[in-house]
Colleague: 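This is the structure I want to talk about, given as structure tokens.
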Amino acid sequence: MYKYLVFFDLDSTLFDANSKVNDEVANAMDEIRANGGLPVIATGRTLYEIPDTLAKTKINTVVASNGDYGMFENHELFHRVINPQTIDELIEFANQHGNSVTMLDQNGKGSSAHDHLLLDACARVHAPVPKLVKRDYWHDRPIDMMFVTNKDLDDVYISKFGDRLTFFRNSPFSIDIVDHNASKATGIKTLIEKANLKGIPTYAFGDGNNDISMLDYVDHPIVMGNGLDNVKEHAEFVTTDNTNHGIIKGLKHFNLI
């Protein structure tokens, strides 16, 4: 039985300015395990995007795709897939607004178009630009995460698809999209139930809008110093920036390492 569970967002949280895990943070994951804790990644990214992160941190439990996918000790626990007909409609709607849609599963990603906002979104998180794909791609693969490029059309997309999809503004250039009512909180709740981890104290580190549900769900929410101001309102403790030992200071504040 684990003594505690710690959930970590990646971008601008566990990652440094280059979207990498540094040695200090990797060593902290070892300390968590040595103290009887379980470090868990809780991210909007997919497994396809983070093999180096998993290898360096030795983390084998993940809530990915903003709650649509869960893995416990290297074994898949749950997977919510977005309806391909809904993706058809979303892409048609995005085309009308000059936006692109990028579709992800746990093994790859592809985009409906290459626009300048997509290039900016990928550069922001040091990710490669996805390949261009056609309709067969998202009808043949279990798509569980998407993002649509735009700067200020949140309400437009939510009004059109909010009864079927959930949207998180997670970048100045794009909105993350998952299955209806999915979130990091629902993913964590499902992970805890299916892995028999109930009754164990929970902690979480985050910085962005897609972390709010997770921060509200755990026992002890921690927000990075570089986090959004509205996200800090959900924190029990605000640590320093991700580039200024924020993970270490947060863990030490709660005597987790």
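These numbers come from a predicted model, not from an experiment. Residues: numbered from 1 along the sequence shown.
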Colleague: Taking the six-membered ring for Trp, are His220 and Phe254 parallel (under 30°), tilted (30 to 60°) or perpendicular (over 60°)?
Modeller: tilted
Colleague: Quick check on Glu89: does its CD atom have over 12 non-hydrogen neighbours (other residues, nucleotides or ligands) under 6.0 Å away?
Modeller: yes
Colleague: Looking at every non-hydrogen atom in both residues, tell me the closest pair between Met224 and Val238 and how far apart they are.
Modeller: O-CG1, 4.2 Å
Colleague: We want to know whether Asp211 and His234 form a side-chain donor-acceptor pair, criterion being a heavy-atom distance below 3.5 angstrom.
Modeller: no
Colleague: Out of curiosity, does Ile91 fall in the hydrophobic cluster containing Tyr157 (side-chain heavy atoms, cut-off under 4.5 Å, transitive links)?
Modeller: yes
Colleague: If you count the non-hydrogen atoms of other residues, nucleotides and ligands that lie under 6.0 Å from NZ in Lys189, is the total more than 12?
Modeller: no
Colleague: Which atoms form the tightest heavy-atom contact between Ile82 and Asp144, and what is the distance?
Modeller: CD1-C, 3.8 Å
Colleague: Under 3.5 Å, side chain of Thr166 to main-chain N/O of Val178, donor-acceptor pair present?
Modeller: no
Colleague: Decide whether Asp105 and Trp138 meet the rule of one side-chain donor and one side-chain acceptor closer than 3.5 Å.
Modeller: no
Colleague: For Lys20, does its backbone N or O pair with a side-chain atom of Asn18 as donor and acceptor, under 3.5 Å?
Modeller: no
Colleague: For residues Asp207 and Asp9, determine if any side-chain heavy atom of one lies less than 4.5 Å from a side-chain heavy atom of the other.
Modeller: yes
Colleague: Relative to the ring of Phe161, is the ring of Phe167 parallel (under 30°), tilted (30 to 60°) or perpendicular (over 60°)?
Modeller: tilted
Colleague: Can any side-chain N or O of Lys56 pair as donor or acceptor with the backbone N or O of Val21 at less than 3.5 Å?
Modeller: yes
Colleague: Minimum heavy-atom separation for Lys151 and Pro172, please, with both atom names.
Modeller: CG-O, 3.5 Å
Colleague: Answer yes or no: is there a donor N or O on one side and an acceptor on the other, between the side chain of His139 and the main chain of Gln85, under 3.5 Å?
Modeller: no
Colleague: Any non-hydrogen side-chain atom of Leu119 less than 4.5 Å from a side-chain atom of Phe173?
Modeller: no
Colleague: Taking the side chain as everything from C-beta on, heavy atoms only, tell me whether Tyr69 gets closer than 4.5 Å to Val62.
Modeller: no
Colleague: Looking only at non-hydrogen atoms, find the nearest pair between Ala113 and Leu118 and report the distance.
Modeller: O-CD2, 3.4 Å
Colleague: Please check this pair: side chain of Thr186 against backbone of Ser183, looking for a donor-acceptor N/O pair closer than 3.5 Å.
Modeller: yes
Colleague: Just wondering, more than 12 heavy atoms not from Asp155 lying within 6.0 Å of its CG?
Modeller: no
Colleague: Are the side chain of Thr243 and the backbone N or O of Ala17 linked by a donor-acceptor pair below 3.5 Å?
Modeller: no
Colleague: Under 3.5 Å, is there a donor-acceptor pair between the Thr202 and Asp219 side chains?
Modeller: yes
Colleague: Does the side chain of Ile222 reach to within under 4.5 Å of the side chain of His253, using non-hydrogen atoms?
Modeller: no
Colleague: Using a 3.5 Å cut-off and no angle test, enumerate the donor-acceptor pairs between side-chain atoms of residues 31-43 and protein atoms at least two apart in sequence or in another chain.
Modeller:
residue, atom, partner, partner atom, Å
Arg33, NH1, Thr57, O, 3.2
Arg33, NH1, Lys58, O, 3.3
Arg33, NH2, Asp30, OD1, 2.8
Arg33, NH2, Thr57, O, 2.7
Asn35, ND2, Glu31, O, 3.4
Asn35, ND2, Leu256, O, 3.0
Thr43, OG1, Arg45, N, 2.9

Colleague: So do the side chains of Phe7 and Leu191 get within less than 4.5 Å of each other, counting heavy atoms only?
Modeller: yes
Colleague: Flag the pair Phe15 / His126 as yes when at least one side-chain heavy-atom distance between them is below 4.5 Å, and no otherwise.
Modeller: no
Colleague: Going through the distances and angles, do Asn230 and Asn209 end up as a side-chain hydrogen bond (donor to acceptor under 3.5 Å, both in side chains)?
Modeller: CA-CA 8 Å; Asn230 65 296; Asn209 289 318; 3.0 Å; yes
Colleague: Carefully, step by step, assess Val81 and Asp179 under the rule side chain to side chain contact (heavy atoms under 4.5 Å, CB included).
Modeller: CA-CA 7 Å; Val81 176; Asp179 195 24; over 6 Å; no
Colleague: For a quick test of reading the model, state the closest non-hydrogen atom pair linking Lys252 to Ile257 and the distance between them.
Modeller: CG-CG1, 3.8 Å
Colleague: Hey, are the side chains of Leu47 and Met71 touching, using non-hydrogen atoms and a 4.5 Å cut-off?
Modeller: yes
Colleague: Heavy-atom distance under 4.5 Å between the side chains of Ile200 and Lys3, does that happen here?
Modeller: no
Colleague: Does one side chain, of Asp176 or Asn66, offer a donor that lies under 3.5 Å from an acceptor on the other?
Modeller: yes
Colleague: Could you check whether any side-chain N or O of Asn226 sits under 3.5 Å from a backbone N or O of Ser12, counting only pairs where one atom can act as donor and the other as acceptor?
Modeller: yes
